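Here is the structure we will look at, set down as structure tokens.
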Amino acid sequence: MSEYKWRNSMQPLLQQHIYESPREDNNYNSIPYHKLGKGKIYSGFGSLVAWIIEQKNVLIDGYGGVFFTDIQQEVQKKLEENGFSVKWHFTADYFKSEAEVEEMVKPFLGGAEDVWGFKTTLNLKDFFKIDEFLALEKDDQADINIVIGIGAGLLNWDAPVVYFDIPKNEIQYRMRAGSLGNLGSNITDKAFKMYKRFYFVDWVVLNEYKAELLEKIAIVADGQRVGRPNWLFKKDLVEGLHKLSHAVLRARPWFESGSWGGQWMKKHLQGLNTNEVNYAWSFELITPENGIVLESDGNLLEIPFDMLMTIEYKAILGEHAEQFGSYFPIRFDFLDTFKGGNLSIQCHPSKSYIREKFGETITQDETYYILDCAPGAKVYLGFQENIDPQEFRKALELSQLKKQEILVERYVRSFPSRKHELYLIPNGTVHSSGVNNMVLEISATPYIFTFKMYDWLSLDLNGEPRPINIEHAFNNLRFERKGEKVPKELIAKQVLFDRGDDWEILHLPTHKDHFYDVHRIEFDTELTIDTEDRCHVLMLVEGTSISVEIEENETNKFHYAETFIIPAATQKYKLINHGKGRAKVIKAFLKHDIEL
């Protein structure tokens, strides 16, 4: 099957095998991977089916978006080649009807045109005619019995589980191609409706189920490649993730175009498809959607970041493990508006609002760190001193109704963008990035709860207006953040935190509403840092490349604009500068005493 029929994206599919070759030393790496050692990752259905034959009875389970029909056909072909008869049992035969499923999920999806729903309280069993499914018995006449499909592991059979996983970006590329439906449904709806269902129902249900299933899983396979999956035994995965959680790790970033997207990433980040119209975002570390790539014998296998957190959250989060569990709390992403457009005038929900209306635990408290900017670039932040909320609302509503421009700076303050400045955006703060900025957005992890009030009359890449959410915004806007309070309270006052012979650490204090803080480490040669039992998220924001050294583990090298994580369990790490000039590294970390 041609990739173009089942996948709609200009971003390349993760290659199956990597051949070690010299790469230019100081370039951004868009496919970071972590070595497991030799003999850990296998390739193709031949070796997988050889293992299945030894088991006799197997449950092939997996995540929503995996093409189980293709898997079944490939396994069937290999079994026939080896002379084995097989009885197939399909979990899809035991799902409730699509009408029943649609009625069941309806309370969690809001109105038909709503952008957001409410995180579901359903579990996977609710999608099944469960009593009928659990009564399923093996066929003793067949050489091999295989149950295949989402939920196969619910069965109480004495049989190992082969679990096919898939990263969230590939699910969305398949969704846009119309090659998959939502959980329990073959209906392919509008993309934003499908995504809303994924986020508020499917992914919640499937993540919880996968965590519960973990003990029964014997093999994890990468489901993003059709026809030839890479796979490994779970025991090798667990061992590898344990080592990784005591070392340094980097998620695989992924990139998206958008209505306001720019050209900076195309120019500065190696390995991107330069034929893409623009790049608005890079998901550097949005852990509900990023993956971790593992390597053995040149074979690559990607697992979702949430699997790493399910297994190793204590080592990664340290003192904050019990507060956040398997939820990774800090987000890094890029917003590129170079030669692009302005982001919408927007705000994010309060903690109580996001919990009551959407079922989230924490809210989207953000900061903008200016990685780069052109002369004249602006950040919109806070209100003018003389703001009249009712006048502002009327102007927004009239603009939406009549498609007419607003003089934004009559209501909203703007500030010149300055490289290495940190702008603070606690929930309820009106804000936007103007054109010609390259923003490193450092934030709490929720990432889809943006209430747009004004979008500069721009259209999305399909020529459609993006949703405007004036009502939600006005339920959350903090109009007291205005006038002289804005530069005083919402632009970080950088102060010296510590220094040595050829290094210094600057503190970029965040707002009291932020549960994370930010340092910038500036150094000429090297320095050692203590994690204090907290996870650190870092990025080289000036310089060419640095290494991170942890005790006797291998040294990891990182280049300009690459994001990486130092788990709490590492305790200490050394940063080594390979550039000719001073290196500057941003470090985000959780505050010691935080209340969620």
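The basis for the numbers below is simple: all heavy atoms, side chains too, and nothing from hydrogens, waters or symmetry mates. Since the model is a prediction, treat every value here as computed from it, not as a measurement.
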Return the set of residues passing side-chain contact (heavy atoms from CB on, under 4.5 Å) with [X] (not counting sequence neighbours), or none when no residue passes.
X: Asp306; answer: Lys168, Asn207, Lys210, Pro304
X: Gln494; answer: Glu421, Leu506, Leu508, Arg520
X: Pro329; answer: Leu317, Phe324, Phe515, Leu590
X: Glu542; answer: Lys419, His420, Lys584

Are [X] and [Y] ion-paired here, with the side-chain N under 4.0 Å from a carboxylate O?
X: Arg413; Y: Glu484; value: yes
X: Asp222; Y: Arg252; value: no
X: Glu489; Y: Lys482; value: no

Taking side chain to side chain donor-acceptor pair (under 3.5 Å) as the test, write out the residues that go with Asp372, two or more places apart. Trp264
Closest approach of Arg481 and Asn427, non-hydrogen atoms and distance?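 Closest pair (atom of Arg481, atom of Asn427, distance): NH1-O, 2.8 Å.
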When the side chains of residues 379-388 are checked against the rest of the protein, which donor-acceptor pairs come out under 3.5 Å, sequence neighbours left out?
from: Gln384; atom 1: NE2; to: Glu409; atom 2: O; distance (Å): 2.8
from: Gln384; atom 1: NE2; to: Val412; atom 2: O; distance (Å): 3.4
from: Asp388; atom 1: OD1; to: Gln390; atom 2: N; distance (Å): 3.0
from: Asp388; atom 1: OD1; to: Glu391; atom 2: N; distance (Å): 3.2

For the residue pair Gln16 and Asn230, confirm or rule out a side-chain donor-acceptor distance under 3.5 Å. yes
Between the side chains of Asp202 and Asn182, is a donor N or O closer than 3.5 angstrom to an acceptor N or O? yes
Using a 6.0 Å distance limit plus a 45 degree cone around the ring axis, check whether Arg393 lies over the aromatic ring of Phe474.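 Ring-cation test returns yes.
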